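Here the structure is laid out as structure tokens; the discussion comes afterwards.
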Amino acid sequence: MRALTLVADRRLELIDVSPPPLPGAGEVQIRVKVVALNHIDLWGFRGMAFAKRKLPLVVGVEAAGEIAAAGTDVATFKAGDRVVMYGALTCGACKACREGRDNLCESIGGIMGFHVDGFARDLVNLPARLVMPIPSGIALRDAACAPIAFATVEHMLFDNARLEPGETILVHAGGSGIGTAAIQMAKHLGCTVITTVGSDEKAAKAKALGADHVINYRDERFEHVVRKITGKKGVDVVFEHVGADTFPGSLLSLKRGGRLVTCGSTSGPTTSLNLMQLFQQQYRIFGSFGASMRNIRDALAKMQAGLCPVIDTEVELKDLERGLERLQSRQAFGKITVNF
Ligand SMILES: [Zn+2]
């Protein structure tokens, strides 16, 4: 079977490997059909100095497929069922796992495609508890964007920032995979959405997606425009993942008592923080990483209700690297998916 394998930093090879054994107790075997790309794939591809991992490594953290076989004791899945998979090997036994806070697992085995072999291969065995059925009516390609992109946004907006109907939110990088999801989810809830993009072409697409106000951050200082739009009050919530380039402006865009939630730092990981501003303005800042199985279920339910991910590009498995280049170029509007 095929496995797209990172053999050295920035070197991917489609190699032939032996298929996994029949699924053991509590396991299912999945035939992977679609992988969706995320920034963590890009970090993994380029290499990170402090990541504890060994190459070669099969890439891919977010995927959908079909059950090929189920362990004899697994009654919840049968061959042919369409499924998505959790993007990390949680232990299933620690306090966080038992309480459904999967992304806070105290004994995590690693992130798929980053620390341990991922989903860019024809067959994979996984514990059935990390696999979730796809409701009817959702295309596999769309479902493949649920476990990381949509579920991460669910976790950020609803578990962490506690976004409420009628609130105003600033969504950074509205053309990114998670940015497009955040715009849709916030509009779906009944919020006013302000978003930033880097081109007029993306501005038109963000408007079409439902954003109320779109700021081209190359033309204008977004924090000034946000204060103008909100009558100097600021927004209730900022959805951050850009990092160094935007973080100080993001804090200036918040109203008193506002919430900032961040899951990324694509423009750089460090920033300075004015502590007087932090406590006087009573900001609440949430770090968010990954999602729970419940977030994935909720994301799939939203997809079933018609909230579909925006797909920018589809590539074939052998061309995954071209998909990563597209992601890195910041030209994409929406998700990049990889078909098998
Ligand atoms: Zn655990």
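Values below: every heavy atom of this structure, side chains too, minus hydrogens, waters and symmetry copies. Because the structure is predicted, anything quoted here is derived from the model rather than measured. Whatever order the structure lists them in is the order used to number ligands and atoms, beginning at 1.
The nearest pair of heavy atoms linking R330 to Y217 is NH2-OH, 3.3 Å.
Looking at Q277 and L252, their side chains come closer than 4.5 Å, going by heavy atoms from C-beta outward.
Counting only distance, with no hydrogens or angles, the side chain of R121 and the backbone of D117 share a donor-acceptor pair below 3.5 Å.
Electrostatic pairing of E223 and R227 does not count as a salt bridge here, judged by no charged N lying under 4.0 Å from a carboxylate O.
Of all protein atoms, those of element N, O or S that lie under 2.8 Å from the Zn ion (ligand 1) number 4.
A search for side chain to side chain donor-acceptor pair (under 3.5 Å) contacts involving K187 returns D212, not counting sequence neighbours.
In this structure, the separation between CZ on R2 and CG on L4 is 9.5 Å, given to the nearest 0.5 Å.
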